[in-house]
**Student:** 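Dropping the structure in here first, questions after.
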Protein chains: 2
Amino acid sequence: MAGRTARAVSASPALGPARRTRAQEVRDQVLALVAERCLGPGDRLPTEVELSEHFGVGRSTTREALKLLEQDGLVIAEQGRGRFLSPIGSLAVERPVTRYESVSEMLETMGMSVTTTVLSVEESTASPVEAEALALDAGAPVVRTLRLRSHDDEPIMVNINTIPRACLPGPVAYRDWSSSITAALAAHGHYVLSSAARITATELPDAIGTRYGLAGLGAWLLVQERCVTADGRRVLYAEDFHRGSAFAFQVLRHR
Amino acid sequence: MAGRTARAVSASPALGPARRTRAQEVRDQVLALVAERCLGPGDRLPTEVELSEHFGVGRSTTREALKLLEQDGLVIAEQGRGRFLSPIGSLAVERPVTRYESVSEMLETMGMSVTTTVLSVEESTASPVEAEALALDAGAPVVRTLRLRSHDDEPIMVNINTIPRACLPGPVAYRDWSSSITAALAAHGHYVLSSAARITATELPDAIGTRYGLAGLGAWLLVQERCVTADGRRVLYAEDFHRGSAFAFQVLRHR
DNA sequence: CACGGACAAGTTATCAGACAAGTTGAATGG
DNA sequence: CCATTCAACTTGTCTGATAACTTGTCCGTG
């Protein structure tokens, strides 16, 4: 009678939020302790042993928590000397650009009420740029949308979104393209988890500016963004023009 | 006869580069192994035990290395199942904006040969904006420089740098302001370690555009950056205008 | 035969203890 | 006074064990 055979693990991560570990909790508790004791840049943290006793965890867990803070650049560790708060904490940054949020989510978080006008929606084939961004074959079927977002009748954003056709099944004409595209993708099982963005400054292309009466509105931030799901599928390529007079990105930089 | 008394640690981190730990090395080795085995998004990594044996380190060290990768969003850990590659790895990003580098360093890394023209240098007092950015009292003495960087006689960048006067002692007239200001600051013990940057799109202000014949050059990325040392001193406030047609920033974004 | 529960196998998460490596300041000797 | 040694201290790493969680197989029952 043979014993039980070994179990096999399927080769995909779960798509929901991961369980929160003790080390992650301790990381936050360390930050709270720092605030509580009014520690500032350059100040020394309690030792690993002291923190382990303080939080009632093992030293390994404390180390893992501290490692997270070091990786964030918040803490500097020196063997034999201790750990010190780095200067980043003194630089207040809200909503860093490294935190992915869709354009709709961003506008909502900013509390900015906008009117979305769908300028065009087309079933098309992927251009070479889109094919590369979406890891598609050249000429693969896509849906491409062009939308204008206005605030108090003032144009503030123009979005060009390209989605693999298969990701949003059903007739194009029946979909409400003025609402969040990432929400629609998520509803079809394509939850955007990450992206790579390229940010530069430009003026609106003539094809858009003159055609839709948007010329002469100054400088725009152009964000070209490739969006992927947890298992690596490319589900959205966005070219978003943000009016320079209305938008800015914040980021912490560290050597 | 009393024994030796306890030693005390001074309350400041060292200002040089930190020693590289084994865990940091293993992190890079894991990435190399991933590439070697052509693992892609969603694929499962070897177990902690396997990796520990493969690299000849303890399991704790392996865990600390893997924690770094998880923190970067490159790896997703699931208790009882294993670890999986997240989709970020499939998004190629070079020189993310989160990595601090001074403007001079950036241009050098890009291999872009530029001519730097010092348009003005003045001893002045801090404006309210500068005072806030540099954590100075209003009206505190500063040095303010205005420089133009050109590539093949084409203007590509305009820098306004404000430095607390005390950070660069000596007569202003005797200093070569066309070279790297962060290098000069470092030479006086003010090594810039981190910064907080705000990025938007704009046109050149009239005060600069018309006065120096730089108008009509399109859209510019405006980077307003507060730079700090390891012990938290604010030593530089920069307003850098990067020509949109020549520069872009790359960033990975993750939920 | 289908379903539910128990259990073994496997993997990450955490703890405890020990030793290694590096830093610092006091003590000691020249 | 200066240089060297050494103890105390702190982070870095290793080893071994147990806890917590996941998955698939096996077995009993309806």
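Every chain is numbered from 1, with letters handed out A, B, ... down the list of sequences.
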**Student:** Under the criterion side-chain contact (heavy atoms from CB on, under 4.5 Å), I'd like the reasoning laid out for A/Glu101 against A/Arg95: C-alpha separation, chi angles, the key distance, then a yes or no.
**Tutor:** CA-CA 9 Å; A/Glu101 57 185 355; A/Arg95 294 184 38 247; 2.8 Å; yes
**Student:** Could you please spell out the steps behind the salt bridge (charged side-chain N to carboxylate O under 4.0 Å, His left out) verdict for B/Glu123 and B/Arg144?
**Tutor:** CA-CA 6 Å; B/Glu123 297 203 57; B/Arg144 190 180 300 118; over 6 Å; no
**Student:** If I take atom CZ in residue B/Arg83 and atom C1' in nucleotide D/dC21, what distance separates them, rounded to the nearest angstrom?
**Tutor:**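 Spelled out: CZ on B/Arg83 to C1' on D/dC21 is 14 Å.
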**Student:** Roughly, in whole Å, what's the span from CZ in B/Phe84 to C1' in C/dT11?
**Tutor:**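 Rounded to the whole Å, the gap is 10 Å.
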**Student:** Report, as a single string ordered 5' to 3', how protein heavy atoms within less than 4.0 Å touch nucleotides 13-19 of chain D: B base, S sugar-phosphate only, - not at all.
**Tutor:** BBB-B--
**Student:** Just the rounded figure in Å: distance from C1' of D/dT11 to CG of A/Leu69.
**Tutor:**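 So the CG-C1' distance, A/Leu69 to D/dT11, works out to 15 Å.
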**Student:** Which whole-number value in Å describes the distance from B/Ile76 CD1 to C/dT12 P?
**Tutor:**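 Checked: the CD1 to P distance equals 14 Å.
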**Student:** For B/Glu70 and C/dA13, give me the distance from atom CD to atom C1', rounded to whole Å.
**Tutor:**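 Nearest whole value for this atom pair: 11 Å.
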**Student:** Do you see a donor-acceptor pair shorter than 3.5 Å between the side chains of B/Thr182 and B/Ser180?
**Tutor:**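 Looking only at side-chain atoms, B/Ser180 and B/Thr182 do form a donor-acceptor pair, the distance falling under 3.5 Å.
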**Student:** Can you measure A/Leu66 atom CG to C/dT14 atom P for me and round it to whole angstrom units?
**Tutor:**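 In whole Å, C/dT14 P lies 14 Å from A/Leu66 CG.
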**Student:** Indicate yes or no for a side-chain donor-acceptor contact from A/Ser86 to the backbone of A/Gly73 under 3.5 Å, with no hydrogens or angles considered.
**Tutor:**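 Indeed, once roles are kept as given, a pair shorter than 3.5 Å links the two residues.
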**Student:** OP1 or OP2 of C/dT12 sitting under 4.0 Å from any side-chain N/O of B/Arg81?
**Tutor:**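 Checking B/Arg81 against C/dT12: no side-chain N or O falls below 4.0 Å of OP1 or OP2.
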**Student:** For the residue pair A/Ile163 and A/Leu134, establish whether any side-chain heavy-atom pair is separated by less than 4.5 Å.
**Tutor:**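 No, every pair of side-chain atoms sits at 4.5 Å or beyond.
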**Student:** Rounded to the Å, how far apart are A/Glu53 CD and C/dT14 P?
**Tutor:**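 My rounded result for the distance is 19 Å.
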**Student:** How long is the line joining CG of A/Leu51 and C1' of D/dC9, in whole Å?
**Tutor:**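 Between C1' of D/dC9 and CG of A/Leu51: 15 Å.
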**Student:** By ring-ring contact (aromatic ring centres under 6.0 Å, His included), which residues pair with B/His190, not counting sequence neighbours?
**Tutor:**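 Expected list: none.
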